[in-house]
Amino acid sequence: LLTQDDVTINSTLITKPISAMTATETSALIKELVGKGVANSDDTVMPDMFVIPLSDWLGLDVPYSDAYPMVSKREYLIKAFQTATLNPNAKVLAVAYADKERNAGVLGGTGKQCYALYKYDGEAGRIEMPVAYTSTQVGTQDGFTWKSVAYAQHTGFKQFREKEMLYFRY
């Protein structure tokens with residue numbers, strides 16, 4: 001999901017964790033984020049998934065601002081993203097491998113904080129499963145313990161419509 005070769009990378013919009021942004025910076029981010037996602041797709045789709053590093057997600061439990069101490073940054077981010085995308089089902093998700101410490105040198109990882117904005121659509125990107133999950137005949141060797149073996153095969157994630165995804169890295 002975070003290492004597609006043909007996906008556009010923006011390294012100027014998000015330059016620090018969202019959890020470290022001020023209320024003004026967070027508000028400006030949402031406005032620019034969705035606009036850049038729509039522009040990247042040549043105005044053909046509205047993004048509805050925003051993936052952020054787990055470390056940033058865990059830091060969003062602080063109050064959004066001094067003026068609104070009962071609203072956390074996480075609540076504000078999710079609600080603002082849903083409002084900006086005109087989709088009450090739009091999601092902000094945390095992924096551990098978006099953290100620079102976890103993705104450095106692993107499967108094409110960049111060693112940078114990675115955020116991904118995209119349209120959740122099975123036609124735009126998916127994981128193929130050429131060998132379906134299959135379990136073998138259940139049997140027993142000792143008349144008491146039942147044992148079985150299963151196997152399957154799957155590919156990595158592949159984005160087919162690269163313009164419907166946008167990475168933000170710092």
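FYI, the numbering just counts along the sequence from 1. Bear in mind the structure is a predicted one, so any value in this text is a computation, not a measurement.
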Fill in: Minimum heavy-atom distance V34-A84, with the two atoms named
CG2-CB, 3.7 Å

Item to complete: Answer with yes or no whether the hydrophobic clustering places L93 together with F168; edges join I, L, V, M, F, W, Y residues whose side-chain heavy atoms lie under 4.5 Å apart.
Response: no

Discussion item. More than 12 heavy atoms of other residues, nucleotides or ligands under 6.0 Å from NZ of K16: yes or no?
Written reply: yes

Worksheet item: Which heavy atom in Q113 sits nearest to a heavy atom in D99, and how many Å separate them?
Response: OE1-CA, 3.2 Å

Item to complete: Look up atom CG in L77 and atom CD1 in I30, then write down how far apart they are to the nearest 0.5 Å.
Response: 4.5 Å

Worksheet entry | Nearest heavy atoms of M70 and E75, plus distance in Å | O-OE1, 3.8 Å

Practice prompt. Could you pull out the closest heavy-atom pair between C114 and L2, with the gap in Å?
Written response: SG-CD2, 3.9 Å

Practice prompt. Following the transitive rule for hydrophobic clusters with a side-chain heavy-atom cut-off under 4.5 Å over Ile, Leu, Val, Met, Phe, Trp and Tyr, establish whether V95 and M49 coincide in one cluster.
Written response: yes

Worksheet item: For residues 61-71, which residue pairs qualify under side chain to side chain donor-acceptor pair (under 3.5 Å), counting only residues two or more places apart or in two chains?
Response: S27-Y64, D61-R74

Worksheet item: How about Y120: does its OH atom have over 12 heavy atoms from other parts shown lying under 6.0 Å from it?
Response: no

Discussion item. Working to the nearest 0.5 angstrom, can you tell me the gap between F50 CZ and Y118 OH?
Written reply: 11.5 Å

Discussion item. Ignoring hydrogens and geometry beyond distance, is a side-chain donor-acceptor pair present between N10 and T8 at under 3.5 Å?
Written reply: no

Practice prompt. Say whether, by atom type as modelled, one donor and one acceptor occur between the side chain of Q82 and the main chain of A90 under 3.5 angstrom.
Written response: yes

Discussion item. For the CZ atom on R161, are there more than 12 heavy atoms of other groups (residues, nucleotides or ligands in this structure) within a distance under 6.0 Å?
Written reply: yes

Item to complete: With rounding to the nearest 0.5 Å, note down the distance linking CE in M46 to CG in N87.
Response: 9.0 Å

Worksheet item: Does the side-chain contact (heavy atoms from CB on, under 4.5 Å) test come out yes or no for Y97 and R102, once each step is laid out?
Response: CA-CA 5 Å; Y97 291 104; R102 296 204 182 186; 4.0 Å; yes

Worksheet item: Between E162 (side chain) and V7 (backbone), is there a donor-acceptor pair under 3.5 Å?
Response: no

Worksheet item: Is there a side-chain contact (heavy atoms from CB on, under 4.5 Å) between K91 and D48 once you walk through the steps?
Response: CA-CA 6 Å; K91 296 184 188 266; D48 60 5; over 6 Å; no

Practice prompt. Identify the heavy atoms of E25 and A20 that sit nearest to each other, and give their distance.
Written response: OE1-O, 4.4 Å

Worksheet item: Which heavy-atom pair separates K73 from P63 by the least distance, and what is that distance?
Response: CG-O, 4.0 Å

Worksheet entry | Residue list, side chain to side chain donor-acceptor pair (under 3.5 Å) with Y115, at least two apart or on another chain | D56

Discussion item. Strictly distance-based, threshold 3.5 Å: is any side-chain N or O of N103 a donor or acceptor partner for the main-chain N or O of G111?
Written reply: yes

Discussion item. Return the CG to OG distance between L117 and S41, rounded to the nearest 0.5 Å.
Written reply: 9.5 Å

Worksheet item: Among all residues two or more places apart in sequence or in another chain, which pass the salt bridge (charged side-chain N to carboxylate O under 4.0 Å, His left out) test with K31?
Response: none

